[in-house]
Amino acid sequence: MCSHKKTSIWFISILLFSLLGLLSACSSTPSGAHGTSHTIKVVAAENFYGDIAKQLGGQYVIVTSILSNPNVDPHEYQSNAQTSITVSQADLVIENGKGYDDWMDQILSSAPNSQRLLLKGYDAATKHLPENVHVWYSFENATAIAQAITADFKKLDPIDAASFDSNLQMFKQSLQPLQQEIAAIKAKYNGTPVGLTETIYLYQTEPEALHVLTPFEFEKAIAEGNDPPADAVITTTDQINKQQIKILIYNAQTVTPVTTNLEKLAQAKHIPIVPVTELMPPNKTYQIWMRDQLNALQTALGG
């Protein structure tokens, strides 16, 4: 009898130990594999992608944005050890790609993870301008990128797919007032001559039908951190001196002695300046950021 009890206790102990091992194995299974809800860790190279991911993921995501200071030139960013650790723990990494944030690719290659998803905004975008990586400035692209992010969320957390789809629809609807404002600018200011210090705003001047006079070679050089050709500098300067442009759209994050001179010259000639940034200002959403810039543009055009 005593021997039978010992055998029973031994058997139960082995069974419990096996069950504990099974539970432990299940808990280490890649997230979403069994259709269970979990918090998705997202790392965005730039804060505008991070904000879009927050809006789409809601309570089911934790988002870390690496670049978030609109007063710093994003082309000069240097990653650090903490950034590498954060990226290594991510379920989903979002970057722009196409050479805009190569530092992220270097981090990813140094910390390989077969379970991690990678989304590149440039690749998800449906509209590309020649030699212009700033795809997030197009609302058409913002929609396509949001759809791609939602698809990845559903892969990582299929049980909450309905919430992700609902958030995506709300995001799309929130872009409609911005698209209407673009259409209103086109209707009222079609063909208005403007100047740009950089290529970033071309994704909006095109649907706004504004006439960009600045030589593309000038804009492209500034965008890439190079000195623009001398003849392009002369042409751009003459356009301001002769007041051939009605406004100057100025990238406040890519500032060089050449662009600073243009800004001062425009002020002296009483040409309105519209500052734009590559990164989203703090305490704003993607939509509010874009709305504020569009409002500033309309005010300048009207003035």
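Just so you know, residue 1 is the first one in the sequence shown, and it goes up from there.
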Exercise. Is it true that Arg116 and Asp91 have a side-chain N and a carboxylate O under 4.0 angstrom from each other?
Worked result: no

For this session: Indicate yes or no: at least one non-hydrogen side-chain atom of Glu219 is less than 4.5 angstrom from one of Leu202.
Result: yes

For this session: Output yes when Lys54 and Asp51 qualify as a salt bridge under the 4.0 Å nitrogen-oxygen rule, no when they do not.
Result: no

Problem set entry | Any side-chain heavy-atom pair of Ser88 and Asn113 under 4.5 Å | no

Exercise. Does some side-chain heavy atom of Ile273 sit less than 4.5 Å from a side-chain heavy atom of Ile247?
Worked result: no

Problem set entry | CD1-CZ distance between Ile145 and Phe171, expressed to the nearest 0.5 angstrom | 8.5 Å

Exercise. Can you name the nearest heavy-atom pair linking Ile149 to Leu119, along with the distance?
Worked result: N-CD1, 3.5 Å

Problem set entry | Closest heavy-atom pair and its distance - Phe139, Met290 | CE2-CG, 3.7 Å

Problem set entry | Spatial distance of atom CD (Gln180) from atom CG (Leu294) [nearest 0.5 Å] | 12.0 Å

Problem set entry | Close side-chain approach of Leu262 and Thr237, heavy atoms under 4.5 Å | yes

Exercise. Looking at Ile40, Thr39, Asp157, which one forms a side-chain contact (heavy atoms from CB on, under 4.5 Å) with Val61?
Worked result: Ile40

Problem set entry | Residue pair Met104 / Val93, side-chain heavy-atom distance below 4.5 Å | yes

For this session: State yes or no: are the ring centers of Tyr60 and Phe164 separated by less than 6.0 Å?
Result: yes

Exercise. Can you find a side-chain donor-acceptor pair between Tyr77 and Glu46 that sits under 3.5 Å?
Worked result: no

For this session: Determine the minimum heavy-atom distance between Ala45 and Asp101, stating which atoms define it.
Result: CB-OD2, 3.6 Å

Exercise. Taking NZ, NE, NH1 and NH2 as the nitrogens, is one of them in Lys120 or Asp105 under 4.0 Å from a carboxylate oxygen of the other?
Worked result: yes

Problem set entry | Centroid-centroid distance, Trp136 to Tyr122, less than 6.0 Å | no

Exercise. Does the pair Lys127/Glu140 count as a salt bridge with the N-to-O cut at 4.0 Å?
Worked result: no

Problem set entry | Residue pair Val194 / Leu213, side-chain heavy-atom distance below 4.5 Å | no

For this session: Would you mind reporting whether His134 and Tyr100 have side-chain heavy atoms less than 4.5 Å apart?
Result: yes

Problem set entry | Criterion side chain to side chain contact (heavy atoms under 4.5 Å, CB included) on Ile249 and Thr205, from CA distance to verdict | CA-CA 10 Å; Ile249 301 170; Thr205 54; 4.2 Å; yes

Problem set entry | Donor + acceptor pair across side chains of Lys172, Gln147 (<3.5 Å) | yes

For this session: List the steps and the verdict of side chain to side chain contact (heavy atoms under 4.5 Å, CB included) for Thr83 and Ile107.
Result: CA-CA 8 Å; Thr83 300; Ile107 294 174; 3.6 Å; yes

Exercise. When you check the side-chain N and O atoms of Tyr203 and Asn141, is any donor under 3.5 Å from an acceptor?
Worked result: no

Problem set entry | Side-chain donor-acceptor contact under 3.5 Å, Tyr137 with Thr199 | no

Exercise. Is there side-chain contact between Tyr201 and Glu208, with heavy atoms separated by less than 4.5 Å?
Worked result: yes

Exercise. Will you find, in the side chains of Gln293 and Gln204, an N or O donor that is under 3.5 Å from an N or O acceptor?
Worked result: no

For this session: Would you tell me whether Ser163 and Asp160 have side-chain atoms, one donor and one acceptor, within less than 3.5 Å of each other?
Result: no

For this session: Begin from the C-alpha positions of Met170 and Asn167 and carry the test side chain to side chain contact (heavy atoms under 4.5 Å, CB included) through to its verdict.
Result: CA-CA 5 Å; Met170 286 191 291; Asn167 292 342; 3.3 Å; yes

